[in-house]
Amino acid sequence: MASPQLQIAIDAMKALQSKVGATVPEMRAAMEELAAPVQPDVKCERLSAGGVDAEWITAPGAAADRAVLYLHGGGYVMGSINTHRDLIGRLSRAAQARVLALNYRLAPEHPFPAAVEDAVAGYRFLLDGGLKPARMAMAGDSAGGGLTLATLVAARDAGVRLPAAAVCLSPWVDFEGLGESMKTRAHVDPIASAEGTRLLAQAYLAGKDLRTPLAAPLYADLKGLPPLLIQVGDHETLLDDSNRVAARARAAGVKVTLEVWPEMIHVWQLFASFLPEAQEAIEVIGKFIREHTN
């Protein structure tokens, strides 16, 4: 049985979901309200990473030569470093790595492929700074989880060496909502609805094909990607996004660890400041990254 604190997270997600379809500023403001204070011993340093607004987020014990590129969620329309800073700080501590978080450009002002371009620029910034791919990982949640896969594919196709591992939290990889879980989990998912995801996809793609591989990486060629850890909650409408992209990656020869967490909701890791299962999941992610970047 899930911790009783889960209901607090569910209520917070319901409040955000009620704003989906409102004006873009209203949606963004609602997501900013989810931001939890970063732990006091975590250091945050703003910078430009290849022309992209970014922040180094570093917990005590992070190895200077180990780094994670983190791509926040928010449907490509909302979300920021601020909304995810606490999660990222906790990831830095668990992975014993510095984390470079990006404020990649958002739709509708900057539709696809702006987010992919910014994420690739952020990854190149790490490489140009002398970090070795064997000591790097990439991670992201929701839209950022899909963007993680798209960034890996884009980097691979550009002939750029890939990081040692990648982590996707509740990745959004199917803009058509064809997974069966869109129906079977609709009554328990407090945030991701078929209508809401359709609106966000339209804003991001701005008329392009819903199966554009670098936007919806369920349809990308995933061959040659590094080992993946995918975490998803059993109470998510996007559950089958994870199931299907994991199957496609395995079929392409990628080593995939897929974890389906009972009763958990979309990106429950955001609530680690009070939800035990969230911190537990982050510890699992940290161990995965450490093992693959040692």
Side-chain angles (χ1 to χ4, degrees), residues 49-50 52 54 66-74 76 84 88 91 95 97-102 104-105 112-129 131-175 204 211-232 238 241-259 267 285 288-293:
V52 183
R66 177 189 283 141
V68 179
L69 178 67
Y70 195 90
L71 306 170
H72 69 78
Y76 296 104
H84 287 65
I88 296 168
L91 174 60
R98 296 188 296 155
V99 183
L100 182 70
L102 298 184
Y104 56 85
R105 288 171 292 169
F112 173 84
V116 180
E117 292 170 349
D118 287 358
V120 171
Y123 181 60
R124 287 184 180 272
F125 171 82
L126 293 176
L127 293 172
D128 292 343
L131 288 162
K132 297 180 180 179
R135 293 284 281 173
M136 286 195 287
M138 198 177 297
D141 64 278
S142 193
L147 182 56
T148 293
L149 295 172
T151 303
L152 292 170
V153 170
R156 179 203 65 197
D157 290 350
V160 178
R161 289 182 62 192
L162 298 184
V167 180
C168 300
L169 314 182
S170 304
W172 183 29
V173 298
D174 170 20
F175 285 179
Y204 181 52
R211 296 192 178 189
T212 301
L214 287 183
L218 180 64
Y219 300 101
D221 175 9
L222 304 177
K223 182 173 61 178
L225 267 56
L228 301 175
L229 169 63
I230 301 174
Q231 289 184 342
V232 65
L238 296 184
D241 280 42
S242 290
N243 288 333
R244 288 177 295 156
V245 81
R248 284 185 58 86
R250 285 170 177 152
V254 179
K255 183 179 179 181
V256 181
T257 302
L258 174 63
E259 297 181 349
V267 197
I285 296 167
F288 177 83
I289 291 174
R290 294 195 313 272
E291 288 177 345
H292 285 86
T293 56

query = Does T293 have any side chain to side chain donor-acceptor pair (under 3.5 Å) partners at least two apart in sequence or in another chain, and if so, which?
reply = R66
ask   = If we only count heavy atoms from C-beta on, is the I289 to L91 side-chain gap below 4.5 Å?
value = yes
Contact summary for P227 and F288, nearest pair of heavy atoms = O-CZ, 3.8 Å
Enumerate donor-acceptor pairs with a distance under 3.5 Å from any side-chain N or O in residues 120-127 to protein atoms, sequence neighbours excluded.
| residue | atom | partner | partner atom | Å |
| --- | --- | --- | --- | --- |
| Y123 | OH | R161 | O | 2.6 |

inquiry  = Restricting to side chain to side chain donor-acceptor pair (under 3.5 Å), what partner residues turn up for E291, sequence neighbours left out?
reply    = none
ask   = Does the side chain of D221 reach to within under 4.5 Å of the side chain of V153, using non-hydrogen atoms?
value = no
task = Can you run down the side chain to side chain donor-acceptor pair (under 3.5 Å) pairs that involve residues 138-158, sequence neighbours left out, and say none if there aren't any?
result = Y70-D141, H84-D141, S142-H266
request  = Would you give the length of the straight line joining atom CD of E117 to atom CZ of F112, rounded to the nearest 0.5 angstrom?
outcome  = 8.5 Å
query = In chain order, what residues pass the side chain to side chain donor-acceptor pair (under 3.5 Å) check against R250, with sequence neighbours excluded?
reply = none
task = Compare all side-chain heavy atoms of Y219 with those of R248 and state whether any distance is below 4.5 angstrom.
result = no
inquiry  = If you define the side chain from C-beta out and look only at heavy atoms, does anything of L147 sit under 4.5 Å from Y76?
reply    = yes
task = Under the side chain to side chain donor-acceptor pair (under 3.5 Å) rule, collect the residues that match up with D241, sequence neighbours excluded.
result = R244
ask   = Is any side-chain heavy atom of P113 less than 4.5 Å from a side-chain heavy atom of L214?
value = no
